[in-house]
Amino acid sequence: MIEVVASMARGPVLLAGELMECLITFTNPMSHLSTSASSEMLAWASAQIHCQFHASESRVALPAQGNKQDVQAESDTVLIPNRGERGQCVLDTPPKILFCDLRLDPGESKTYSYSEVVPIDGPPSFRGQSVKYVYKLTIGCQRVNSPIKLLRVPFRVLVLQGMPEPPFTQDEEVSPSNPFLEEEEASRRDARPLERALDMLMVTTSRRCPHMFNITNMRGKVAKFSIFKTVYRLGEDIVGTFNFSEGDIPCLQYSVSLQSEEEIQQQYQRRPGQAVSVTGHGRHLESCLHTASSHFSLPIPLNVTPGFSTDIVSLRWRLHFEFVTAREPMEPPTVLQNQSEVTVWTGAEHVDVDTFTWDHRWLLIVTRT
């Protein structure tokens, strides 16, 4: 028996175009003091990255792929990284040989380094209602006269939208960004592709440009809504404010939901006019009768996927608003100027209301935390 352990240097979350570095250790766990222990012989081992795509048959109509055989004979020495998995392999890197003819004595272990650039032209990791894109590092090894064994290490890939192509220029010289660092140290830091990409992302998402919207229904103006920016990172809070003092229609209650829209491209839809799949990721509910102003704060979860588009599916983000308004004016409670006793105001028992919704879409750019 051979134990195989894989350890990713930068963790399980990577950016498209980033260099993956992984240490792979092969160990013969038998104790060297055991009399029945014997050496193990491994014929070869290799590793490669691949992206597995799976679609829901009830929502996505994919073209026929033909009768592809996914059977591998026990004596076959060809590494098929997605053998035995559902779906299709939409992206893979060339396999890299780790070693050939390795002998491990009892208690002995050998560690090998694997590095590969995550393909930049692939989709991000995504688990939706209709489709899934899953990235894995597959390590295959074979003992002498034994079948191939596979170890699959899942990891997450994020794609930076709106960045220059390619986002990680390797040969461009970068001047020091911090005057307090020595020139050599600063240049070495800025030369790292990941750090440079994150700096660009920080600049993009830190820009504030307030956007204001007048919320109205068929009866008149309800409120003025303000949002400070439209580009966010994972883990940030989306903050917005409402000004009801300028409204003509009383607003009793509002709710704001963070939602993602998963839409299958028209040529792959199972049914004509197929509805968009909507997933909620947080909701804020507030009662606002006789309130001059209010605000909400919705955190963006760290495990979601940024907006993207492929030939099969597109993902967009939006804020979904629901407003409950009164049909008739409602007088606020009156408090006398010199009144010493506490006054308790009781709301109306029956109020005729209207309900309407509004969707606000924006660009979502993410990075690691």
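Reckoned from all heavy atoms, side chains included, excluding hydrogens, waters and symmetry mates.
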K.L.:
Does the salt bridge (Lys or Arg N to Asp or Glu O under 4.0 Å) test come out yes or no for Lys229 and Glu236, once each step is laid out?
P.N.:
CA-CA 12 Å; Lys229 62 177 184 176; Glu236 273 194 298; 2.8 Å; yes

K.L.:
Strictly by modelled atom types, are Gln52 and His54 linked by a side-chain donor-acceptor pair under 3.5 Å?
P.N.:
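Side chains of Gln52 and His54: no pair found under 3.5 Å.
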
K.L.:
Does CZ belonging to Arg127 count more than 12 external heavy atoms closer than 6.0 Å?
P.N.:
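No - once you tally the heavy atoms of other residues, nucleotides and ligands closer than 6.0 Å, there are 12 at most.
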
K.L.:
Can the ring centroids of Phe356 and Phe321 be said to lie less than 6.0 angstrom from one another?
P.N.:
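For Phe356 and Phe321, the ring centres are not under 6.0 Å apart.
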
K.L.:
Is any side-chain heavy atom of Ser39 closer than 4.5 Å to a side-chain heavy atom of Pro106?
P.N.:
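Side-chain contact under 4.5 Å: yes.
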
K.L.:
Under the criterion side-chain contact (heavy atoms from CB on, under 4.5 Å), which of Leu289, Val353, Asp354 is the partner of Val324?
P.N.:
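When Leu289, Val353, Asp354 are each tested with Val324, the side-chain contact (heavy atoms from CB on, under 4.5 Å) holds only for Val353.
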
K.L.:
Would you please test Arg10 and Glu18 for salt bridge (Lys or Arg N to Asp or Glu O under 4.0 Å) and show each step?
P.N.:
CA-CA 10 Å; Arg10 298 192 62 84; Glu18 184 181 354; 2.9 Å; yes

K.L.:
For Tyr133 and Phe308, take the angle between the two ring planes, folded into 0 to 90°, and tell me which bin it lands in: parallel under 30, tilted 30 to 60, perpendicular over 60.
P.N.:
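Answer is perpendicular, since the angle exceeds 60°.
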
K.L.:
Test ring-ring contact (aromatic ring centres under 6.0 Å, His included) on Trp317 and His281 and set out the steps.
P.N.:
CA-CA 10 Å; Trp317 287 87; His281 302 276; 4.9 Å; yes

K.L.:
Once you round to the nearest 0.5 Å, how far does OG1 of Thr111 lie from CD1 of Ile24?
P.N.:
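Rounded to the nearest 0.5 Å, the OG1-CD1 separation comes out at 9.5 Å.
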
K.L.:
Taking 4.0 angstrom as the limit, do Asp105 and Arg103 come out as a salt bridge?
P.N.:
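Looking at Arg103 together with Asp105, the answer is yes, because their closest N to O distance falls below 4.0 Å.
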
K.L.:
Do you know the tightest heavy-atom contact between Glu116 and Pro94?
P.N.:
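For Glu116 versus Pro94, the nearest heavy atoms are OE1-O, 4.1 Å.
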
K.L.:
Does the distance from a Lys or Arg side-chain N to an Asp or Glu carboxylate O, for Lys221 and Asp248, drop under 4.0 Å?
P.N.:
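Between Asp248 and Lys221 there is no salt bridge, as every charged N stays at least 4.0 Å from the carboxylate O atoms.
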
K.L.:
What closest approach, in Å, do Phe244 and Ala223 show between heavy atoms, and which atom pair accounts for it?
P.N.:
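Looks like CD2-CB, 3.5 Å.
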
K.L.:
State, yes or no, whether a side-chain contact exists between Thr355 and Phe323 at a heavy-atom distance under 4.5 Å.
P.N.:
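No, their side chains stay 4.5 Å or more apart.
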
K.L.:
To the nearest 0.5 Å, how far apart are CD1 in Ile312 and CD in Gln265?
P.N.:
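Going from the CD1 atom of Ile312 to the CD atom of Gln265 covers 9.0 Å.
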
K.L.:
Quick one, Met20 and Met8 - any side-chain contact, counting heavy atoms below 4.5 Å?
P.N.:
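Of all side-chain heavy-atom pairs linking Met8 with Met20, at least one is under 4.5 Å.
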
K.L.:
Name the orientation class of the two ring planes belonging to Phe225 and His360 (parallel below 30°, tilted from 30 to 60°, perpendicular beyond 60°).
P.N.:
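Judged by the thresholds at 30° and 60°, the geometry between Phe225 and His360 is perpendicular.
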
K.L.:
Would you find more than 12 non-hydrogen atoms of other residues, nucleotides or ligands less than 6.0 Å from Lys132 atom NZ?
P.N.:
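Check fails, neighbour count at 12 or below.
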
K.L.:
Kindly determine whether Tyr254 and Phe296 satisfy ring-ring contact (aromatic ring centres under 6.0 Å, His included), including the steps that lead there.
P.N.:
CA-CA 10 Å; Tyr254 74 87; Phe296 69 90; 7.2 Å; no

K.L.:
If I take atom SG from residue Cys22 and atom CZ from residue Phe155, how far apart are they, to the nearest 0.5 angstrom?
P.N.:
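CZ of Phe155 is found 9.5 Å from SG of Cys22.
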
K.L.:
Can you tell if the side chain of Asp359 reaches within under 4.5 Å of the side chain of Leu319, non-hydrogen atoms only?
P.N.:
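In short, these two side chains do not touch, never coming nearer than 4.5 Å.
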
K.L.:
When Arg316 is tested against each of Glu262, Glu261, Gln259 for side-chain contact (heavy atoms from CB on, under 4.5 Å), which residue passes?
P.N.:
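The side-chain contact (heavy atoms from CB on, under 4.5 Å) with Arg316 is passed solely by Glu261 among Glu262, Glu261, Gln259.
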
K.L.:
Surrounding CD of Gln267 (heavy atoms of other residues, nucleotides or ligands, distance under 6.0 Å), is the total greater than 12?
P.N.:
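Yes, CD of Gln267 has more than 12 neighbouring heavy atoms, counting only those of other groups under 6.0 Å.
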
K.L.:
More than 12 non-hydrogen atoms from neighbouring residues, nucleotides or ligands closer than 6.0 Å to CG on Asn145, yes or no?
P.N.:
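Result for CG/Asn145: open.
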
K.L.:
To the nearest 0.5 Å, tell me how far Ile2 CD1 sits from Gln142 CD.
P.N.:
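Between Ile2 CD1 and Gln142 CD, I get 13.5 Å after rounding to 0.5 Å.
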
K.L.:
Does some side-chain heavy atom of Val118 sit less than 4.5 Å from a side-chain heavy atom of Leu15?
P.N.:
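In short, these two side chains do not touch, never coming nearer than 4.5 Å.
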
